Amino acid sequence: MAAEQLVHHEVRRGVATITLDSPHNRNALSARLRRELLAHLADALADDAVRVVVLTHTGPVFCSGMDLKEAQGAASADQGVNEFPEILKTLWASPKPVLARLAGPARAGGVGLVAACDVAVAVDSATFAFSEVRIGVVPAIISVTVLPRLSSRAAHELFLTGEVFDAERAARIGLVNAVVTADGLDAEVARFTDMLVLGAPGALAATKAMLQRGTDVDAAFADMLRLSAAHFGGPEGQEGIAARLEKRRPDWVPE
């Protein structure tokens, strides 16, 4: 019997809703989820009936980042982050507007997904963190989509400390567009999608390309991929991942 899909896709009135559905591991970016997400994004972008894409989730967490169980023990060349740039590039360069709908927290790579979307709407209880340094890795790949959104001071603080921050701060620093109550989430998402479908498809695509003019994401992702994979497969990354999975402090934390 075929395994149930970890990502679902439905189209209604010009809006393709792509749903991460792996709540058992907090929608972590496992190999299966990455493959399915890319496939559904490709289908949505190839469908002339689709005018807007909404990326959302089931369960209490939007996305917890890379699947650390898969990353444990894997060499640099085999780390899941090697496939992650393609997902972020697809979201970032999509000729169709993409909206992130967050009914819960995002961490690390999950924040990269949010930043790669054109518009993000989050519930007021959502939290965010660039938790990479705390497990011995670098928020390298996601920096390509995150840094254009954030103020420089906020990026330095939050990338280096790994501190958790709330949705209101995420809005202040440019990571999300709107913060609403849980009861108002779907209405706010619909408000944005209703506006976006009013735009002519060609004009929307050209406007997105104009907004991203001068950004060489291919070169940036290539550089950041080498940095990220080396740290995921390196000694600090492997110690940090083991410590997180074993629920202990990594060995670099002073006693």
Side-chain angles (χ1 to χ4, degrees), residues 1-9 18-42 55-91 100 102 104-116 128-146 159 162 164 221-252:
M1 189 166 112
E4 252 185 70
Q5 285 198 331
L6 301 183
V7 182
H8 306 291
H9 170 198
I18 296 176
T19 305
L20 307 182
D21 187 18
S22 185
H24 71 280
N25 66 353
R26 302 183 303 161
N27 291 315
L29 294 161
S30 64
R32 263 190 64 204
L33 187 142
R34 295 192 305 272
R35 286 194 301 269
E36 292 181 20
L37 176 54
L38 263 178
H40 284 296
L41 285 170
L55 180 62
T56 186
H57 63 105
T58 63
V61 177
F62 174 75
C63 177
S64 60
M66 298 308 298
D67 189 321
L68 297 184
K69 289 183 179 178
E70 290 185 351
Q72 188 175 30
S76 297
D78 300 318
Q79 288 293 337
V81 290
N82 290 296
E83 301 154 4
F84 194 36
E86 194 61 33
I87 294 172
L88 295 183
K89 279 195 289 186
T90 300
L91 292 168
L102 288 87
R107 296 289 186 270
V111 187
L113 293 177
V114 174
F128 305 81
F130 303 103
S131 50
E132 288 89 343
V133 293
R134 296 194 179 188
I135 60 166
V137 299
V138 179
I141 293 172
I142 67 167
S143 72
V144 179
T145 58
V146 170
F159 272 38
V164 175
F221 275 127
D223 287 343
M224 294 301 100
L225 176 56
R226 287 188 289 271
L227 177 61
S228 184
H231 280 268
F232 262 93
E236 284 187 344
Q238 288 299 302
E239 162 61 13
I241 289 168
R244 178 62 59 88
L245 293 175
E246 294 165 14
K247 296 181 169 49
R248 61 173 174 81
R249 285 190 167 193
D251 61 11
W252 62 75

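Owing to the predicted nature of the structure, the values given are computational and were not obtained by experimental measurement. Side-chain atoms are counted along with the backbone in the values below, which use heavy atoms only and exclude waters and symmetry mates.
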Taking all non-hydrogen atoms of both residues into account, name the closest pair between [X] and [Y] and its distance.
X: Ile87; Y: Leu38; answer: CG1-CG, 3.6 Å
X: Pro60; Y: Pro105; answer: O-CD, 3.0 Å
X: Gly240; Y: Pro250; answer: CA-CB, 4.4 Å
X: Val144; Y: Met224; answer: CG2-CG, 3.8 Å
X: Leu102; Y: Ala100; answer: CD1-CB, 3.8 Å
X: Arg249; Y: Glu239; answer: O-OE2, 4.4 Å

Applying side chain to side chain donor-acceptor pair (under 3.5 Å) to Asp21 and Thr58, what does each step give before you reach the verdict?
CA-CA 5 Å; Asp21 187 18; Thr58 63; 2.7 Å; yes
Would you please classify the geometry between the Phe62 ring and the His57 ring as parallel, tilted or perpendicular, with 30° and 60° separating the classes?
perpendicular
Kindly indicate whether the side chain of [X], heavy atoms from C-beta on, has any atom under 4.5 Å from the side chain of [Y].
X: Val146; Y: Phe130; answer: yes
X: Arg134; Y: Arg244; answer: yes
X: Leu37; Y: Thr90; answer: no
X: Asn25; Y: Asp67; answer: yes

Output yes when a side-chain donor or acceptor of Ser30 lies under 3.5 Å from a complementary backbone atom of Leu33, and no otherwise.
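Here the side-chain-to-backbone pair exists.
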Does Asn27 reach the main-chain N or O of Val61 with its side chain, forming a donor-acceptor pair under 3.5 Å?
yes
Could you pull out every donor-acceptor pair under 3.5 Å between side chains of residues 225-238 and any protein atom, sequence neighbours left out?
residue	atom	partner	partner atom	Å
Arg226	NH2	Asp223	OD1	2.6
Gln238	OE1	Gly73	N	2.5
Gln238	NE2	Ala71	O	3.1
Gln238	NE2	Phe232	O	2.8

Starting at [atom1] of [X], measure out to [atom2] of [Y] and round the result to the nearest 0.5 Å.
X: Phe221; Y: Thr145; atom1: CZ; atom2: OG1; result: 5.5 Å
X: Glu36; Y: Ile18; atom1: CD; atom2: CD1; result: 11.5 Å
X: Met66; Y: Glu132; atom1: CE; atom2: CD; result: 10.5 Å
X: Ile135; Y: Leu68; atom1: CD1; atom2: CG; result: 4.5 Å
X: Glu83; Y: Leu88; atom1: CD; atom2: CG; result: 12.5 Å
X: Leu29; Y: Leu6; atom1: CG; atom2: CG; result: 11.0 Å

Enumerate donor-acceptor pairs with a distance under 3.5 Å from any side-chain N or O in residues 107-115 to protein atoms, sequence neighbours excluded.
residue	atom	partner	partner atom	Å
Arg107	NH1	Thr127	O	3.1
Arg107	NH1	Thr127	OG1	3.1
Arg107	NH2	Thr127	OG1	3.0

Audit row: His40, Gln5, side chain to side chain contact (heavy atoms under 4.5 Å, CB included) steps and yes/no:
CA-CA 11 Å; His40 284 296; Gln5 285 198 331; 3.4 Å; yes
